[in-house]
Each structure stands twice: as C-alpha cells, then as structure tokens.
Novice: 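Attaching a single structure in structure tokens format; questions to follow.
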There are 2 protein chains.
Amino acid sequence: MAREASGLGRENAGQRILDASVRLFATRGYAATGIRPIADAAGVTTAALYYYAQTKNDLLMNVMRTGLSELLGSAQRAVAALDDPVDQIRALIDVHVRFGASDPDRAKVIDNEVQWLEGERRISIMTLRDEYEALWASVIARGNMLRSFQVQSESLARLALLEMCNGLAHWYRPDGPMTLEEIVAVFEDMAFSLLRVRDTNPASPVTNDP
Amino acid sequence: MAREASGLGRENAGQRILDASVRLFATRGYAATGIRPIADAAGVTTAALYYYAQTKNDLLMNVMRTGLSELLGSAQRAVAALDDPVDQIRALIDVHVRFGASDPDRAKVIDNEVQWLEGERRISIMTLRDEYEALWASVIARGNMLRSFQVQSESLARLALLEMCNGLAHWYRPDGPMTLEEIVAVFEDMAFSLLRVRDTNPASPVTNDP
DNA sequence: GTCTATACTAGGATAGAC
DNA sequence: GTCTATCCTAGTATAGAC
C-alpha cells in the first residue's frame with residue numbers, strides 16, 4: 001500500500017520504461033531510437049534504465065517475445081477449439097486484427113524490427129513467427145483439401161491474408177470512420193472472398209464508406 | 001568514349017553511390033545506415049560522396065522521387081489506355097507487382113522510409129503516394145458503381161490489395177519456386193476474388209505449390 | 001533504485017590539398 | 001573529382017555516490 005504512494009501516481013519505472021520503448025520503437029524504429037529518449041519518456045535517467053535492462057536490445061526482445069507469444073497462444077487456442085476450416089480462418093482473422101488494433105505500436109514493432117534482435121534471439125523469435133504462419137498454412141491447406149476453399153496457391157493466399165491483416169497497424173485509428181467490429185467483419189468477408197469460400201452468403205450490400 | 005576508360009570498368013561514381021544507397025537503405029533502414037558504409041560500398045570516401053549529394057537525406061529523396069514517379073506514371077498510362085475496370089485493376093496489379101519484383105530494394109525503401117524525408121520533401125512524396133492510391137481508389141469505385149465489382153468497403157479493399165502487392169518485396173526471390181509470370185497470374189486471380197468480380201471464369205484448378 | 005558524471009565509439013558533415 | 005584529416009554531436013554503456 002505504501003509502495004505506490006510516490007508523488008506522480010504513475011506505474012512503476014520498469015513498466016514506464018517498457019511502455020516508452022514500445023512507443024518509440026514503433027514510431028522511430030529500433031535503430032533510430034536512442035537510450036536517452038527512452039529514459040526521458042519514462043521519466044528516469046539512462047543509468048536507472050540500465051538497472052532494469054542490461055542492454056537496449058533486451059527491451060526489444062521483451063516486447064517481441066511477450067507480444068508474439070500472446071498472439072500465437074490466442075491463435076492456437078482459437079483454432080483448437082473449432083473444427084470447420086471456415087470458422088478457424090474467421091477466428092484467425094479475428095485474433096490477428098484485434099491484436100493489431102488493441103496495440104498498434106506493439107504490432108508494428110513485432111512486424112518491422114525483428115532484424116535488430118542480436119544472435120540467438122532473432123532465431124528464437126523468427127521460430128515463433130514461423131510457427132504462427134504454419135498455423136495459418138495448416139488451416140488453409142486443410143480447408144483447401146476439404147474443398148471448403150478453392151485456392152490456387154496456398155502460400156500466396158497465406159501471405160496475402162497476413163499482409164492484409166498486418167496492414168491494419170499502419171492505418172487503424174480508434175476514432176476512425178469504422179468501428180473495430182465493422183472492420184473485423186469486412187476483413188472476414190474479404191478473406192472468405194480471397195479464399196473462394198464455397199457456401200458464401202449472397203453478396204453483401206454494396207456501400208461507399210471511407 | 002575515353003570517359004569510361006578507367007580501370008575497373010564499373011559505372012561512374014554517382015551511380016555507384018545511388019545503387020549502394022538503395023541497397024543499404026533497404027537492408028538496414030535509412031536511420032541505421034551510415035554515410036561511411038555507403039561510401040565504402042560505392043568505393044569512394046565520404047568526402048567524394050558529398051560531392052554528389054549535399055546531405056544523406058538527398059540520397060533518400062532521389063530514390064523516392066524517381067521510383068515513385070516511375071510507378072505512378074506507369075500506373076496512370078496503363079489505366080488511361082483501358083476502359084473496363086476489370087482490365088484496369090489487372091493492369092494496376094501487373095504494374096505494381098512487376099515494379100516490386102524488378103527492384104525489391106527500391107520498393108522496400110519507398111514503402112518503409114518515407115518518415116525520414118525532411119521538411120517539405122516528405123509532404124511532396126506523400127502527395128505522390130496519395131495520388132497513386134487515389135488512382136486505385138477511382139478504379140475500384142468505378143468498378144463497384146458499374147457492378148463489375150461487389151465490394152463492401154472500397155477503402156478496405158484498396159488497402160488490402162495494396163498491402164498484398166507490397167508484401168511481394170518482403171519475400172520475392174527471382175529463383176523462388178514460382179516464376180514471376182505465375183505470381184502475377186495468381187495475384188490477379190486473388191484480386192478478382194477479393195473484389196468479387198462478376199464474370200469470373202469457373203474456379204481455377206486447385207494446386208499445392210509452395 | 002536512482003542519481004551525476006564520464007568513458008568511448010560512431011554518427012553527419014566540412015576544409016583544404018591535389 | 002577525389003583524397004586526408006578533422007570538427008562536433010549523439011550513440012551505448014558504466015562507475016560510484018547516495
């Protein structure tokens with residue numbers, strides 16, 4: 001109770017440092033983000049920063065591992081709970097889009113900054129990412145085999161869908177013209193179209209929203 | 001004729017500097033690329049580099065403006081030469097995919113490094129990019145109006161298609177399992193599916209290529 | 001846990017000789 | 001046109017006091 005009674009009423013320094021890291025890595029990139037701006041944004045000195053992380057690279061690794069593990073875990077649980085490939089793809093879209101919308105900064109870092117992880121770290125994170133893509137691949141392959149989908153190239157379809165979902169982090173704004181629910185619905189619909197899902201409902205009404 | 005008779009038989013220094021810039025900006029990012037590595041890769045000193053460009057930012061601007069102008073010009077000519085929105089979208093996919101495949105480094109720089117352009121330059125390049133996206137938007141809107149397409153959200157469809165095409169630069173290898181012609185064909189097919197093009201041929205045969 | 005102060009390296013850019 | 005040599009700033013990281 002007395003532990004958080006400091007003046008500013010903010011979270012503890014460790015958390016503030018992580019938050020500042022994600023935000024700055026997302027907006028300026030890992031390579032262009034200095035230790036001093038991170039420390040300034042977190043309201044500490046660089047020396048205090050090094051009390052929480054041994055190197056700047058540790059901050060990046062922390063963001064990557066926790067974020068990707070969370071994404072992969074959610075996706076695996078969603079797929080395991082369903083049987084129909086159509087439902088599974090819908091769930092994958094849902095998880096991915098909501099992940100990107102709930103924390104676009106974290107999504108951008110995970111998507112763009114892997115190359116800066118040093119040594120074994122990069123390999124371990126890329127393995128996680130490969131595992132995530134393999135999950136999508138397995139659902140697409142099964143759906144194609146069961147003739148739920150009609151896809152020419154499974155790998156290109158997977159890449160197209162993932163890029164489509166990743167793009168969200170570049171332009172999504174919570175106060176934009178569409179709600180997140182609307183965006184998710186449209187994304188699911190576009191994914192089904194792209195995969196040529198068979199039992200599609202009659203084409204949805206055409207609108208002109210921005 | 002005597003002008004190019006120097007020892008190495010390479011292009012002139014100005015061109016070597018531009019080539020090195022694109023390659024390094026693409027692989028390490030603008031912010032993380034020093035002028036000394038650029039000079040080294042071009043086989044000159046940093047002082048010689050500054051004879052050709054006033055600042056490092058000039059090198060980025062050069063890549064951006066020439067590349068984007070070329071892409072926009074090609075796209076505008078292709079669209080102007082056609083009338084059917086279906087043909088126009090096919091042409092846009094074609095131009096964009098071939099642009100990304102012919103020089104992935106340049107495509108990556110154009111896609112990822114705009115934020116590092118200083119002052120008015122960033123605005124002028126973003127205007128070019130907006131013009132390019134507006135071209136896609138106009139084709140999609142007209143196709144939707146003519147009921148050649150059946151798109152729920154024109155803006156999300158445009159973003160999805162552009163992300164899908166941009167993704168090519170991340171994974172395309174000239175010696176990969178598919179030829180560029182095959183990739184273009186699949187991309188056109190996926191685009192038509194996503195846009196729910198009406199007079200689609202019976203679904204293409206399903207294969208399992210990687 | 002957090003500070004001040006600092007070591008050391010690499011960054012962009014320039015001067016002036018040739 | 002291209003070089004050598006150098007200026008100044010900002011980078012990561014650490015030492016040691018409190």
Side-chain angles (χ1 to χ4, degrees), chain A residues 1-25 27-63 113 115-119 121-122, chain B residues 1-22 24-25 27-63 109 113 115-119 121-122:
Chain A
M1 38 186 73
R3 182 140 59 94
E4 290 297 330
S6 58
L8 293 172
R10 297 244 264 339
E11 293 160 320
N12 59 36
Q15 190 58 48
R16 292 202 314 272
I17 290 170
L18 284 178
D19 291 347
S21 301
V22 184
R23 197 172 67 253
L24 291 171
F25 291 165
T27 53
R28 315 229 335 139
Y30 174 81
T33 301
I35 289 266
R36 278 178 266 255
I38 296 176
D40 288 352
V44 295
T45 62
T46 65
L49 194 152
Y50 279 94
Y51 173 81
Y52 291 96
Q54 277 67 40
T55 74
K56 175 178 137 180
N57 212 250
D58 288 356
L59 295 171
L60 180 59
M61 184 59 176
N62 195 310
V63 177
E113 310 295 333
Q115 62 177 314
W116 301 112
L117 288 172
E118 289 159 4
R121 302 175 148 189
R122 188 164 67 248
Chain B
M1 36 185 74
R3 182 140 60 93
E4 289 299 330
S6 60
L8 294 172
R10 295 245 265 339
E11 294 161 318
N12 59 36
Q15 190 58 48
R16 291 203 312 272
I17 290 169
L18 284 179
D19 292 346
S21 301
V22 184
L24 291 171
F25 290 165
T27 53
R28 314 229 334 139
Y30 174 82
T33 302
I35 55 177
R36 277 176 264 257
I38 296 176
D40 289 351
V44 294
T45 62
T46 66
L49 193 153
Y50 278 94
Y51 173 80
Y52 291 96
Q54 277 67 41
T55 74
K56 175 178 136 179
N57 212 249
D58 288 357
L59 295 171
L60 179 62
M61 184 57 176
N62 195 308
V63 176
V109 172
E113 310 294 332
Q115 63 177 313
W116 301 112
L117 288 171
E118 289 160 5
R121 304 175 147 188
R122 187 164 68 246

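The basis for the numbers below is simple: all heavy atoms, side chains too, and nothing from hydrogens, waters or symmetry mates. Below, read A as the first sequence line, B as the second, and so on, with proteins coming before strands; counting in each chain starts at 1. Treat the numbers as computed from the prediction; the structure is a model and nothing was measured.
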Novice: Could you work out, with side chain to side chain contact (heavy atoms under 4.5 Å, CB included) as the rule, every residue matching B:Val63, not counting sequence neighbours?
Specialist: B:Val22, B:Arg106, B:Val109
Novice: Less than 3.5 Å apart, which donor and acceptor atoms pair up between the side chains of residues 32-39 of chain B and the rest of the protein, not counting sequence neighbours?
Specialist:
residue: B:Thr33; atom: OG1; partner: B:Leu24; partner atom: O; Å: 3.3
residue: B:Thr33; atom: OG1; partner: B:Gly29; partner atom: O; Å: 2.6

Novice: Examine D:dA13: is either OP1 or OP2 under 4.0 Å from a nitrogen or oxygen in the side chain of A:Tyr50? Give yes or no.
Specialist: yes
Novice: To the nearest angstrom, how far is A:Ile38 atom CD1 from D:dA10 atom P?
Specialist: 17 Å
Novice: Does A:Asp19 have any salt bridge (Lys or Arg N to Asp or Glu O under 4.0 Å) partners at least two apart in sequence or in another chain, and if so, which?
Specialist: none
Novice: Who pairs with B:Asn62 by side chain to side chain contact (heavy atoms under 4.5 Å, CB included), at least two apart in sequence or on another chain?
Specialist: B:Leu18, B:Thr66
Novice: If you apply the rule side-chain contact (heavy atoms from CB on, under 4.5 Å), what do you find for B:Gln15 with B:Asn12, and how did you get there?
Specialist: CA-CA 6 Å; B:Gln15 190 58 48; B:Asn12 59 36; 3.3 Å; yes
Novice: Specify the separation, in whole Å, of atom CG of B:Leu60 and atom P of C:dG12.
Specialist: 13 Å
Novice: Detail all sub-3.5 Å separations between protein N/O atoms and N/O atoms belonging to nucleotides 1-5 of chain C.
Specialist:
residue: C:dT2; atom: OP2; partner: A:Tyr52; partner atom: OH; Å: 2.6
residue: C:dC3; atom: OP2; partner: A:Thr45; partner atom: N; Å: 2.9
residue: C:dC3; atom: OP2; partner: A:Thr45; partner atom: OG1; Å: 3.0

Novice: Hey, are B:Asn57 and B:Tyr30 close enough side-chain-wise for a donor-acceptor pair under 3.5 Å?
Specialist: yes
Novice: Measure all distances between protein nitrogen or oxygen atoms and nitrogen or oxygen atoms of nucleotides 9-11 of chain C, and list the pairs falling under 3.5 Å.
Specialist:
residue: C:dG11; atom: N7; partner: B:Arg36; partner atom: NH2; Å: 2.7

Novice: Before giving the answer on side-chain contact (heavy atoms from CB on, under 4.5 Å), spell out for B:Arg28 and A:Trp116 the whole-Å C-alpha distance, their side-chain angles and the decisive distance to 0.1 Å.
Specialist: CA-CA 9 Å; B:Arg28 314 229 334 139; A:Trp116 301 112; 4.0 Å; yes
Novice: Measure from CD1 on B:Ile17 to C1' on C:dG12 and round the result to the nearest Å.
Specialist: 15 Å
Novice: In whole angstrom, give the distance that lies between atom CZ of B:Phe25 and atom C1' of C:dG12.
Specialist: 12 Å
Novice: Just so I know, are the side chains of B:Val44 and B:Tyr52 near enough to count as touching, which here means a heavy-atom distance under 4.5 Å?
Specialist: no
